[in-house]
Each structure stands twice: as structure tokens, then as C-alpha cells.
Number of protein chains: 2
Amino acid sequence: MSDDTAKPRRKPRADSLRNRETLLAAAREVFSEGGPEASLEAVARTAGLGIGTLYRHFPTREALFQAVYLRETDQMVALAESLTELEPEAALRAWMRGFIGMVATKKGMLAALAPALDKDCPTFAEAADRMRAAAARLLERGRQEGVMRDDIAPEEMMRVVVGICYTRDGEGWRETVTRMLDIFIDGLCCTPDAAAAPRAARR
Amino acid sequence: MSDDTAKPRRKPRADSLRNRETLLAAAREVFSEGGPEASLEAVARTAGLGIGTLYRHFPTREALFQAVYLRETDQMVALAESLTELEPEAALRAWMRGFIGMVATKKGMLAALAPALDKDCPTFAEAADRMRAAAARLLERGRQEGVMRDDIAPEEMMRVVVGICYTRDGEGWRETVTRMLDIFIDGLCCTPDAAAAPRAARR
DNA sequence: TGCTAAACGGAGGCATCCTCCGTATAAGAA
DNA sequence: TTCTTATACGGAGGATGCCTCCGTTTAGCA
């Protein structure tokens, strides 16, 4: 596909870019208020733009989500890279705590992330891929040092994290979710003796 | 509250009970077809009843869910009780496999179960309680035999199961979910040496 | 300055949610 | 059986949201 030649004949219009940013800001505000179910018309209203404009920039609700939370995934990647000093297991725990912290403030994030983990949508593809790569690196280090089992794929791990975080409600959700993820990591990190015969293999 | 005295002055009308059943059957059909997002009007249509009738019997979508999937929780309780022959850890694994099997067919079940786990809604209260009690019994046995950690509440465990099951999509979801839950159980069952110093405590 | 591709905006068609209230009917009394 | 009335039924209707389509506006470019 030599679509390099299919360059935009014109510079993108200034109002278009401006409106895109306005919409993103509005979406961030509305979603963090009303959750991921919030009305798209409300987003357009908040942005002071027409609903048609919103749909042209973001054809689906998902596309909007993903655009809104795109930078958040970069934060996760950056966090993962900053943890290389720690032992693999400690790094993994720290990473998950970071994730929990992000989820704590951005309500819509999970809704954006869940579908982005396996579906191939243009907006999110590379970001999701970077995130998966970051997770893979954390896992790989643990494996090489023999402290983490190898029968789990990075995207599977991410799914578990997302899934467990879904259960966030009530007062102490954060403490609970942290503890549940810690238990999961316990299972993920084979103890020296269990390494020989992983417990799950026992049926 | 002496509301025992506030007995219904009349026997409930026969058509009311009949319609309730009709609605439940229709809901079961529609939800298993169109997932938990399916239209309530479609349910009423399928039942051949007015939308108003549906809303009188089930004021919210959640109430309908819960009524539809009420008996499913009883199945889970029964399964748990049938597993007392097994070792605690094996019983827990078997129970979760049973749960996965149920989720595999009933699409709407998770949507019904998630809110039912802590909220106190009249319809589900006792069923949810029985289920929690069943989980508690499984955990307790493991603790008494010293093979399961004690820093997790039964409802917390159920939440993890539900959360991990949320990630069911794509081809091999069932295999993945099973493996993820197995890893979680690995973490839940302290190995003999780890029992002295649970790994999570290491921070 | 004028041309034109690109973007805007919102009306409108459709679906769903949920409420409200006039009508119908089953349960119990006479 | 007949009458009374509490109870349930049904669906119209107002509100809202989704998404599309197209006439109007405007920014880039020559």
C-alpha cells in the first residue's frame, strides 16, 4: 500500500484541530463525572459544539474513550520503565499499585482499556501494544530470574488486573483490590519449591 | 417493625402471578439472545404483555436480572455442598470451574451477580447470602487444614471470580479464565513454607 | 480576492426508558 | 350470584439518546 503518496493535499484546518481538543477536554470532564455511560450529546454540549462535529471526530464512543485515555497508557508504560531498579516481583506489585491509583481517579478508563486489549482499533493499537510490551518485559525479567511462572501471557495478566479492578465500589475497594492483586501475584510468582511442580498443574 | 400485621388483605391475583412467570420466561429468552443490554420493551413484547406490566413487576433492569438468575445461585450453592468429599483446594478449583461453566451459557448472569454481591436488594439478599456462606465454608475448611490464607473474605473472593470472568471474549476465553483463576487460587493457597511468611506481606 | 475542499451544526428519524392514569378484572362480601 | 373495590393491565406520551444526512460556513491555497 503506497499510501505515503496519498498525503493530505492541504494542511489540516485549524478549527478542526482546535475542536478536537475541545471535545477531548469536554469528554474528560463529562466521563469523569457521569462515568462511561454518559451521554455523548452531553459531551458535545459541554464542548459547545454540534453533535455532528463530535461524531466526525470520534465515530464511536469507544474511539472517544480511547483518545481520552491514550496518554494514561503512556503513563503506565513510563511507570513500568521506571521500575527496572526493583526486583521483578516488587516491580510488578508497584506497577499494579500504579494502575490502581490511575483507576481510582479516572472512572472511564477501565471501559476504554478493556476493549482495547485485544481488538485492533487504529487509535489504540500502538498504545495498547506498548503497554503489552511493558507488561511483557516485567514478566520476562521475573522469568529469567526464575521467580515467575511462564504460563501466562502479558495481555492475560492485564485482563486480570482490569477485571479485578472492575469490582471497585463501596468504601474500601482500594484496599481490597490491592490485596486481591497481591494474592494473584503470589500465585504468579512460583515459590522455589513450587517452581518444580506448579500447583495449578495438580488440577 | 410490626409489619407482620400489615398482611396483604387479599390473596394475590392469579393473573399477576401468571404474568410474572411469563415475563421471567421472556426475559430469560431475550437476555440469553441479546445479552444484558437487551431492550426491556423487547422482553415485554416477547411476553405479549404491556411495558407497564413489566415495570410494575420489576421496577429496574437489575431487579429483573436478579429474578431471572436467582435459581442459578442455588445451583452454585448445591455444587459447593456436593464438593465436601474433595480436599479443600481441589473443591475450590472445582467450584470455580462450575462457575465458569455457568457463565459460559448465561450471558446475563455476571451483570446480575456483580451488583448483588454487596448491595442489599430484597430479591437477592438471601440468595446472595447463601452463596457467600457457601464460599465461606469452602474457605474455612482450607484454613482449618492450614492450606489457605485467611486474609480474604468470601465476598472478596467472589468478586475476583466475577471480575476475571468479565474478561470473557475471543476464542479461548474459557481456557484463559480457568488458568487465571487457577493462578489466583495458587496465591490463595499458601505453600507450607510460605505459610510462615505470606509473600504479599513482603510488600 | 476568489475558489473549493473540508468542517460545522443541528434537524430529524428511530429506539429506548420510564411514568401516569383510564380501563379491565379477580377476590371477597352480601 | 351479584356487587364492590382493591389490584393489575396496557399503552400513550414526554424525555432522552443514538446516529445520519445535508445545507451552510470557513479556512487554506493560488
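Numbers restart at 1 for each chain; the letters A, B, ... are given by sequence-line order, proteins then strands.
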Student: Can you establish whether the number of heavy atoms outside E145(A) located under 6.0 Å from its atom CD is more than 12?
Tutor: yes
Student: Which residues in residues 40-61 of chain B have at least one heavy atom lying under 4.0 Å from any atom of DNA chain D?
Tutor: L49(B), G50(B), I51(B), G52(B), T53(B), R56(B), H57(B)
Student: Under the rule for salt bridge (charged side-chain N to carboxylate O under 4.0 Å, His left out), what residues qualify as partners of E175(B), not counting sequence neighbours?
Tutor: R179(B)
Student: Looking only at side-chain N and O atoms, does S39(A) come under 4.0 Å of OP1 or OP2 in dC18(D)?
Tutor: yes
Student: Dump the intermediate steps for salt bridge (Lys or Arg N to Asp or Glu O under 4.0 Å) on R93(B) and D186(B), then the final yes or no.
Tutor: CA-CA 10 Å; R93(B) 289 193 201 278; D186(B) 284 351; 2.8 Å; yes
Student: Within a strict 4.5 Å, meaning less than it, do heavy atoms of the M96(B) and D182(B) side chains meet?
Tutor: no
Student: Check the distance between dT7(D)'s P and R20(B)'s CZ and give it to me in whole angstrom.
Tutor: 17 Å
Student: Return the polar atom pairs (N/O with N/O) between nucleotides 22-26 of chain C and the protein under 3.5 Å, or none.
Tutor:
| from | atom 1 | to | atom 2 | distance (Å) |
| --- | --- | --- | --- | --- |
| dT25(C) | O2 | R13(B) | NH1 | 3.0 |

Student: Could you go through L79(B) and F99(B), starting from their C-alpha distance and side-chain angles, then the distance that decides it, and tell me whether this counts as side chain to side chain contact (heavy atoms under 4.5 Å, CB included)?
Tutor: CA-CA 9 Å; L79(B) 177 61; F99(B) 188 84; over 6 Å; no
Student: Using whole Å, report how far CG of L23(B) lies from C1' of dG10(D).
Tutor: 12 Å
Student: Step by step, work out the side chain to side chain contact (heavy atoms under 4.5 Å, CB included) result for V162(B) and Y166(A).
Tutor: CA-CA 9 Å; V162(B) 170; Y166(A) 252 124; over 6 Å; no
Student: Is any side-chain N or O of N19(B) closer than 4.0 Å to OP1 or OP2 of dC9(D)?
Tutor: yes
Student: Can you tell me which nucleotide in dC29(D), dA7(C), dC9(D) comes closest to the side chain of K11(A)?
Tutor: dC29(D)
Student: Decide if atom CD of E140(B) counts as having more than 12 heavy atoms of other residues, nucleotides or ligands within a radius under 6.0 Å.
Tutor: yes
Student: Could you walk me through whether R132(A) and D129(A) pass the salt bridge (Lys or Arg N to Asp or Glu O under 4.0 Å) test, one step at a time?
Tutor: CA-CA 5 Å; R132(A) 205 174 48 73; D129(A) 218 55; 3.4 Å; yes
